[in-house]
Structures are given as structure tokens and as C-alpha cells.
Number of protein chains: 2
Amino acid sequence: MARQARALATRQAVLLAAAEVFDERGYAAATMSDILERAGVTKGALYFHFRSKEELALAVILEGQSAWLATWEPSSDSPMQTVIDLSYAFARALQDDVLVRGSIRLTIEHGSFTQPQVAAYQGWSDATRELLERAQEAGELHPGIDLRGAALVMQGAVTGIQLSSQVLTDRQDLIERIADLWTLLLPGLVQPHALARLSVVERVPAVS
Amino acid sequence: MARQARALATRQAVLLAAAEVFDERGYAAATMSDILERAGVTKGALYFHFRSKEELALAVILEGQSAWLATWEPSSDSPMQTVIDLSYAFARALQDDVLVRGSIRLTIEHGSFTQPQVAAYQGWSDATRELLERAQEAGELHPGIDLRGAALVMQGAVTGIQLSSQVLTDRQDLIERIADLWTLLLPGLVQPHALARLSVVERVPAVS
DNA sequence: GGTAGGATACCTACTGGACGGTATGCGGCC
DNA sequence: GGCCGCATACCGTCCAGTAGGTATCCTACC
């Protein structure tokens, strides 16, 4: 097993380096040599763990997704609050985790390989929609709202705000912008009595 | 001058083909050969008009931007309505104009060359902010709103919604999603009396 | 109005380098 | 000694860019 421990370490080093390079340059502009160098690993080692550049990129995407979801602990509060918390978890993960950043960049670059990206978009907005449905049932939302449309708008808005925050301030104002988003969005979505109980700003989980 | 007419035509053909290919594959993955073939032009011709791949990309970005702004005719209505109209003009331009699509894709891929893209983001959100200030002065908005934040949120949201609409429905539901966005956003932004006078859906300019 | 000369607009063939991927070798732990 | 986990050297391909030629047209001078 000691053997495999080392292998796991190099695999992880490659994944991290790949995420960094993909995040900085994008898929096509990233070269395997870049990744090798940054990981401090040789070609043979890399191609032992990943059979191609594309497979490596897919691994980054998958690991990034699970890394994000791992940070998010569902609080049993209100469904609407959960949607908000999810967006903050996403923002934090983007700021803190290279894997998540690389994953997102690759996902947004829907070219080259298209399949899993669509799934990611779908998955996210489907999850949001489901939460909205539960919020609807709990009487949190205004009646007559198009839940599918709302879910798509939220997912799109968070994605785009993240992008422009990255370009303009290297994601330093991301949390602020997410707060602005919810401040603006919620009055059109939830009823006043529910609005009063929602936390629009980031809720930092208590450190245990 | 007849001479230059032909030259202009090939230049335009190259620009259009380049916009297509950049839109489909992104900057790095797009090859000059792709563009040549699609434009029906030889390498010599292309390199006569554009000295490098990067210069060609920059030309696509610039032409795309002006193409978008050309479609938008400022109506002297309310400033807030102008913001809304701008977003619809953007959406329409994305659906109708290859140049705009290519321009956007290149702009979003902020790698490789970073300068003018930041300017584009800045310019857009600055313009939005200015309109919001005028809307504020006109008493359209709720008091105490962070105009800078709101402008950034709108610009980011429109960008992101466009992106996810592209991935999920090839931009077919883009206009709908923009309408959803404004339906959700406006109550948190503008005062009821102004809200009543705003058109949340696309206002099709009368054909003259 | 014909033609020399030059500029414009384009074509063809080529190059050098980089890049993804592979083949083969080899050390060390079980 | 056998296989896991790598290291090194190499290969074919592809691609941005260039060199140098050519046809077309415009200008100018006779």
C-alpha cells in the first residue's frame, strides 16, 4: 500500500497542476508540457495515470465538481435558504480551490467535448428547480412564478457574475456580488414574510 | 476604387468565417486553415489583410462590438427602460449576427490576450451604471441601492444567462430567459410606480 | 489612347517548431 | 523475480507564419 500512496500523490499533483494550467489558459491553449513542469512529474508518470489530455481534463472536471459539493453541507432550514447557501458555497469553492476553478473554466469552454458539461449545467439548474418547488410548497414564493425559468436565471446569473468578477477583480468581489444578486432577486421571488427570515449574505458555518 | 471593393469583400469574408470558427471552437482550437477553407480564401489573401491570428481575433472582437451597438437605437424613454432594451439588443445580436457571437466567445475567453476584454466588461457595466444613476435621479429606483453593484450584477447575469442558454438550448430560449431575469430583478430595483410603466419583454422596434 | 511602372491584392510552396502521444527501459518494493 | 510506477527518447502531425512570385488595375506621361 505504501506503493500506492506515492502513486496517489503524483496523481494528485498532476490533477492540481492540470487544474491550474487549464484555469489559466483554457483547454486548447494548455500544453501537457506546462502541466508536467508545474506538477514536477515526467511524461511517463502523467500518461501512466491519464491516457490522454482529454481524459485528464475530464478528471479535473469531475474532481472539481465533487470538491465543490463536498464543501456544501445542506442545512435543513428553508429550501430557498439552501439555494442561497449553494451559491455561496460555489463562490467560496471558486476562491479557495484550484480544482474547482479549473473545472469551471473547462465546463464553460463547452467546445471540444460537449457531453458532461451540458450535464453539469442541467444538473445544477435541475437541483435548483427542485429546491424552488419545495420552497413553493412551503409557501415561501410568490404565487405564479415560473420555477423552471427562475432556476435557469439563477444558475445563469451566478455563472456570469462569477465570470465577470473573475475578469474585473480576480474574484475578490465575488461574495459581495452574490450578495447584491440576492438582494435584487429575492423581492421578486419570495413573499415578504419569508424574505424577512432569509439570510442574503453568506452564512459562515460554525467551525467545530 | 473598384479594386478596393473586392478587397473589402474578401476582408469581410475572412472576418465572417473567422467569427464562425472562433465561435465554434474558441481561439486556441481554431486553426487558420479552418478559417481559410470556410472563407474560400487562400493563406496569402488572409495574411494580406490580417498580420496574425491574434490581430484577426481582435478585429472580430471589435467588429462584433460595433455590430451589436449598431443594432441598438437609444429610445429617449426612461433610463431604466434603456438598460432593459440594451439587454434585448444584446440577445438579438447574439442570435442573428455571427460576428457578435464570435466576438463574445473571444471576449469570454480572456486568456491569451487580456487587455481589450477587460475594457469591454468595464465599458458595459460603466454604461449600465450611468443609466442607473440617471434612473435614480428620475426617481425610478428604490432609494439606497448600490448602483455599482447593481450594474455589475446585471451585466454578469446577462452574460451568464446567455452562456447557459447557449449550452442548453443553443440560445433558442435566450429572449425568454432575459424576460424572466427582468421579471425577477425589477421588483427589487425599481419603485412600483416606475415598474408599472416599464416593458419587461422585448420591445420590437417598428419597421420603418 | 497606349503603355510603362508601380502599387494593390492575392496565390503557392515551404519551414521550423511545438505538441500530443508512444515505445521501451529500468529501479525498487513485495 | 515480478510487477508497479515511473523515466527518457523519440515520432508523426499539424500549425502559424513567411518567402517569393503573379495577375490585376491605377496613374502618369507621352
Side-chain angles (χ1 to χ4, degrees), chain A residues 1-61 63 102 105-106 109 111-114, chain B residues 1-61 63 102 105-106 109 111-114:
Chain A
M1 282 296 163
R3 215 73 215 301
Q4 293 194 12
R6 183 178 61 139
L8 226 85
T10 67
R11 191 192 134 93
Q12 203 60 18
V14 169
L15 266 178
L16 283 180
E20 275 184 43
V21 176
F22 283 141
D23 175 41
E24 289 168 16
R25 309 214 209 298
Y27 179 78
T31 76
M32 293 304 248
S33 312
D34 285 339
I35 299 174
L36 297 178
E37 202 176 334
R38 202 166 306 193
V41 161
T42 65
K43 228 169 199 190
L46 191 154
Y47 275 94
F48 175 78
H49 288 283
F50 305 94
R51 280 187 308 193
S52 70
K53 187 183 181 184
E54 185 165 336
E55 188 176 307
L56 176 56
L58 288 179
V60 168
I61 292 179
E63 299 260 345
R105 170 81 122 114
L106 290 173
E109 280 181 10
S112 333
F113 31 65
T114 327
Chain B
M1 283 294 164
R3 211 73 216 303
Q4 294 195 12
R6 183 178 59 138
L8 227 83
T10 67
R11 192 193 134 92
Q12 204 61 18
V14 169
L15 267 178
L16 283 180
E20 275 184 42
V21 176
F22 283 141
D23 175 41
E24 290 168 16
R25 309 213 210 297
Y27 179 77
T31 77
M32 294 303 247
S33 310
D34 285 338
I35 298 173
L36 298 178
E37 201 177 335
R38 203 167 302 197
V41 161
T42 65
K43 223 164 203 194
L46 191 154
Y47 274 93
F48 175 77
H49 288 283
F50 306 94
R51 280 188 308 196
S52 69
K53 187 183 180 182
E54 184 163 336
E55 189 176 307
L56 176 55
L58 287 179
V60 168
I61 291 180
E63 299 261 344
R105 169 82 119 117
L106 290 173
E109 280 182 8
S112 334
F113 31 65
T114 327

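Proteins come first, then strands; the chains are lettered A, B, ... in the order of their sequence lines, and each starts at number 1.
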Starting from [atom2] on [N], measure out to [atom1] on [X] and report it in whole angstrom.
X       : N      : atom1 : atom2 : value
B:Phe48 : C:dT12 : CZ    : C1'   : 17 Å
B:Ile35 : D:dC15 : CD1   : P     : 12 Å
A:Tyr47 : D:dC11 : OH    : C1'   : 13 Å
B:Glu55 : D:dA16 : CD    : P     : 15 Å
A:Leu46 : C:dT22 : CG    : C1'   : 13 Å
B:Lys53 : D:dC15 : NZ    : C1'   : 9 Å
B:Leu36 : D:dC14 : CG    : C1'   : 14 Å
A:Leu8  : D:dG5  : CG    : P     : 10 Å

Nearest heavy-atom contact between A:Leu15 and A:Leu56 is CD2-CD1, 4.3 Å

Shortest non-hydrogen separation from B:Glu24 to B:Arg38 and the atoms involved
OE2-NH1, 2.8 Å

Nearest to the side chain of B:Ser33, which nucleotide is it out of C:dC10, D:dC15, D:dG17?
D:dC15

Nearest-nucleotide pick for B:His49, side chain only, options being D:dT8, C:dC10, D:dG17
C:dC10

By nearest heavy atom, map B:Thr10 and A:Lys43 onto DNA chain C; which one lands nearer the 5' end?
B:Thr10

With a 4.0 Å cut-off on heavy atoms, is B:Ala9 in touch with a base, just the backbone sugar-phosphate, or nothing at all?
nothing

B:Thr31 near the nucleic acid: base, sugar-phosphate alone, or nothing, with a heavy-atom cut-off under 4.0 Å?
sugar-phosphate

From A:Lys53 atom NZ to A:Phe22 atom CZ, the distance as rounded to the nearest 0.5 Å:
6.0 Å

Would you mind reporting whether B:Val14 and B:His49 have side-chain heavy atoms less than 4.5 Å apart?
no

